[in-house]
Amino acid sequence: MAFRLLVTAGDGIGPEVTREAVAVLQGVFARADQQIVVTEKRIGGVAIVNDKTPLPQDTLAAALASDAVLLGAVGGNEFNALPPDKRPEAGLLAIRAELGGFANLRPAFAFPELAVNSPLRTEVIDGADILFVRELLGGLYFGTPREWNRSTGEAWNTMRYSRGEVQRVARIAFQLAQKRRRKLTSVDKANVLEVSQLWRATVQEVAAEFPDVTLEHQYVDAMAMHLMNQPRNYDVVLTENLFGDILSDESAVITGSLGMLPSATIGGKVNLYEPVHGSAPDIAGKGLANPLGAILTGALVLRHSAGMESEAASVETAVRKVLEMGFRTPDLARGAASGFRVLTTAEMGAKVREVLGL
Ligand code: NAD
Ligand code: IPM
Ligand code: MN
């Protein structure tokens, strides 16, 4: 049976980087003598313009009928004045909710080749390898009530979690920690928020099922600092939705560029794959976007949805090789010594395929 991949490229650099990831996946499937059927549908701003909604019904139906969904990015400055439920981002949140994946895995790692790119000293980031497990369907993003009451000049959102929602994401984080260095850091704000007290108590309770994993708790403010001071201290980092959004972008500093970071969302009906970065309107349409985060996201599709672990590893190795060979997109060439070859988005994608022998 062919592997059915739905691609929702979205806005800004979304289509530019997704194209390269899809080309890599198609090449890898062909070489492995496996079939892949790629379907494309609209989401986000492009869907608002064409379909008057950020998540058209046929996109959702196609997503639910696929084996995996690869999303580029959504959002654009022209939509900034819209209320949250009408914006491109609402389409992303809706597809996340409909697909049901609640555990968003966001690896953040130091590439030796990119050490020069990080404002952090090489000896600080060297060997850092963190896996963020970000809860994706709860917290402030989905809690009600939520409203901006223009007549009273007040607005509110609700940070809400149930014990069950914390248990299920915590179990996934502990299981992943068991396969890594068996350390789990749970991030909260339990010194101030009841919802964080529930979070901490529940994570503590789930920890009893995983005696081989060492659990520690950190407040989110301190964690933001520790991550930059001692990134090597962390293995799996478990967070609620908003804290994970913020800390995962912060961790791009360890890798050297937001354009390098992949993500996979598991636990629901269909896994959803998205690079961590957004639609980057500041560089869209210029061939400046780094497609490696999207290509590494494609590697996660191979690993977590297609059962093609060795192919996933080969894509990851190819990305390292391309960096070793001195090829860079502009975000990776900043402040770097000369001798690097700066490539466009499409050239970088082609280089990865060349190294893979595709
Ligand atoms: P962003 O991630 O789009 O960009 C932040 C900075 O990183 C920009 O300077 C950008 O040029 C750079 N950058 C991002 N990806 C890059 C890449 N692949 N290569 C090179 N440089 C890259 O975040 P933002 O500017 O805060 O948000 C822009 C829009 O994207 C907003 O509408 C936001 O809501 C949306 N967004 C969407 C997603 C998603 O769809 N998954 C994620 C984050 C932000
Ligand atoms: C991300 C993005 C999204 C989020 C936005 C665009 C809804 O920032 O995937 O990190 O906050 O989850
Ligand atoms: Mn984000």
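Start at 1 and go down the list; that is how both ligands and their atoms are numbered. Because only heavy atoms are used, hydrogens play no part in the values below, and waters and symmetry mates are left out as well, while side chains stay in. Values in this document were obtained by computation on a predicted structure and should not be read as measured data. Numbering starts at 1 and runs along the sequence shown.
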Determine whether Arg163 and Trp199 make a side-chain contact, defined as any pair of heavy atoms from C-beta on separated by less than 4.5 Å.
->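 SC-SC contact between Arg163 and Trp199 ruled out.
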Students should be able to answer this: which protein heavy-atom is nearest to [atom], and at what distance?
| atom | answer |
| --- | --- |
| atom 2 (C) of ligand 2 | Asp245 OD1, 4.0 Å |
| atom 11 (O) of ligand 2 | Tyr141 OH, 2.5 Å |
| atom 41 (N) of ligand 1 | Glu274 OE1, 3.2 Å |
| atom 40 (O) of ligand 1 | Val74 N, 2.8 Å |
| atom 9 (O) of ligand 2 | Arg96 NH2, 2.7 Å |
| atom 39 (C) of ligand 1 | Leu92 CD2, 3.6 Å |

Residues two or more places apart in sequence or in another chain: which of them pass side chain to side chain donor-acceptor pair (under 3.5 Å) with Ser251?
->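 Testing Ser251 for side chain to side chain donor-acceptor pair (under 3.5 Å), a comparison that skips the adjacent residues, returns none.
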Verify [atom]: protein non-hydrogen atom under 4.0 angstrom away:
| atom | result |
| --- | --- |
| atom 9 (O) of ligand 1 | yes |
| atom 6 (C) of ligand 1 | no |
| atom 19 (N) of ligand 1 | yes |
| atom 15 (N) of ligand 1 | yes |

Of Gly12, Pro281, Gly278, Ala252, which has the heavy atom at the shortest distance from atom 25 (O) of ligand 1?
->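 Shortest heavy-atom distance from atom 25 (O) of ligand 1: Pro281.
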Who gets closest to atom 1 (C) of ligand 2 by heavy atom: His277, Arg106, Glu89, Glu274?
->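 Of the listed residues, Arg106 has the closest heavy atom.
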Would you say ligand 1 has an N or O under 3.5 Å from any N or O of Glu89?
->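 So ligand 1 has an N or O lying under 3.5 Å from an N or O of Glu89.
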Under 3.5 Å, N or O to N or O, is Ala280 touching ligand 1 that way?
->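 Right, the criterion is met.
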Is [X] in contact with ligand 1, taking contact as a heavy-atom separation below 4.0 Å?
| X | result |
| --- | --- |
| Ser257 | no |
| Ser279 | yes |
| Thr329 | no |

Tally every protein N/O/S atom whose distance to the Mn ion (ligand 3) is less than 2.8 Å; waters are neither shown nor counted.
->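 There are 1 of them.
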Is it the side chain, the backbone, both or neither of Arg87 that has a heavy atom closer than 4.0 Å to ligand 2?
->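 Arg87 to ligand 2: no contact under 4.0 Å from either part.
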Taking the six-membered ring of Tyr234, is NZ or CZ of Lys183 closer than 6.0 Å to its centre and within 45° of its axis?
->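 Yes, cation above the ring, under 6.0 Å and within 45°.
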With only distance considered, is Asp249 within less than 3.5 Å of ligand 2 through an N or O on each side?
->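 It does not: no N or O of Asp249 is found under 3.5 Å from an N or O of ligand 2.
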May I ask you to decide if the ring planes of Phe210 and Phe174 are parallel, tilted or perpendicular, using 30° and 60° as cut-offs?
->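 The arrangement is parallel - the two ring planes meet at less than 30°.
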Is the count of non-hydrogen atoms from other residues, nucleotides or ligands lying under 6.0 Å from Trp156 atom CH2 greater than 12?
->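 More than 12 within 6.0 Å, yes.
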